[in-house]
Amino acid sequence: MNMYVSNLSFHTGDDELRKLFEQFGIVSSAKVITDRDTGRSRGFGFVEMKSDDEANKAIKGLNNMEVEGRAMSVSIAREKAPRSDNKRW
DNA sequence: TCTGAGCGG
């Protein structure tokens with residue numbers, strides 16, 4: 001289950017994100033998307049969990065959860081864009 | 001350092 005996490009604090013990192021979701025189950029990958037040009041956080045990220053059941057629990061438990069002063073929102077991620085395409089959606 | 005809707009490379 002791939003999840004999209006938005007409204008993150010700009011100083012929330014991958015590890016913080018991972019810890020939050022690990023409270024609900026096994027996290028296979030967690031990353032905050034950083035701006036490729038500046039290297040700073042873009043304020044959103046992606047978390048992938050093996051178990052769909054645990055992922056749904058994590059969404060329930062973490063959606064609108066206040067962290068670092070911001071209420072982050074968690075939802076099911078869309079399909080990834082093709083890497084070779086430079087489409088901006 | 002800076003910002004506040006967004007779906008990554």
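Protein chains get the first letters and strands the later ones, always in sequence-line order, with residue 1 at the start of each.
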(message) Nearest heavy atom decides the nucleotide; on that basis, is F10(A) or I76(A) closer to the 5' end of DNA chain B?
(response) F10(A)
(message) Base, sugar-phosphate or nothing for S75(A)? Non-hydrogen atoms, less than 4.0 Å.
(response) base
(message) If you assign N7(A) and A77(A) each to the DNA chain B nucleotide with the nearest heavy atom, which residue ends up on the more 5' nucleotide?
(response) N7(A)
(request) Grab the two heavy atoms, one from L20(A) and one from M72(A), that are nearest each other, plus how far apart they are. (result) CD1-CE, 3.9 Å
(message) Can you measure M72(A) atom CE to dA5(B) atom P for me and round it to whole angstrom units?
(response) 18 Å
(message) Looking only at the side chain of R70(A) (C-beta and beyond, no hydrogens), which of the listed nucleotides dG4(B), dG6(B), dC7(B) gets closest?
(response) dG4(B)
(message) Rounded at 0.5 Å granularity, tell me how far CG in N7(A) sits from CD in E66(A).
(response) 10.0 Å
(message) If I take atom CD in residue E66(A) and atom C1' in nucleotide dG4(B), what distance separates them, rounded to the nearest angstrom?
(response) 15 Å
(message) Please report the distance, rounded to the nearest Å, between CZ in F44(A) and C1' in dG6(B).
(response) 6 Å
(request) Select base, sugar-phosphate, or nothing to describe what D35(A) touches, counting heavy atoms under 4.0 Å on all strands. (result) nothing
(request) Specify the separation, in whole Å, of atom CZ of R78(A) and atom C1' of dG6(B). (result) 9 Å
(request) Report yes if the side chains of K60(A) and K57(A) come closer than 4.5 Å at any heavy-atom pair, otherwise no. (result) no
(message) Could you list the cluster mates of F10(A)? Members are the ILVMFWY residues connected by side-chain heavy atoms closer than 4.5 Å, either directly or through other members.
(response) none
(request) In whole angstrom, give the distance that lies between atom OH of Y4(A) and atom C1' of dC7(B). (result) 5 Å
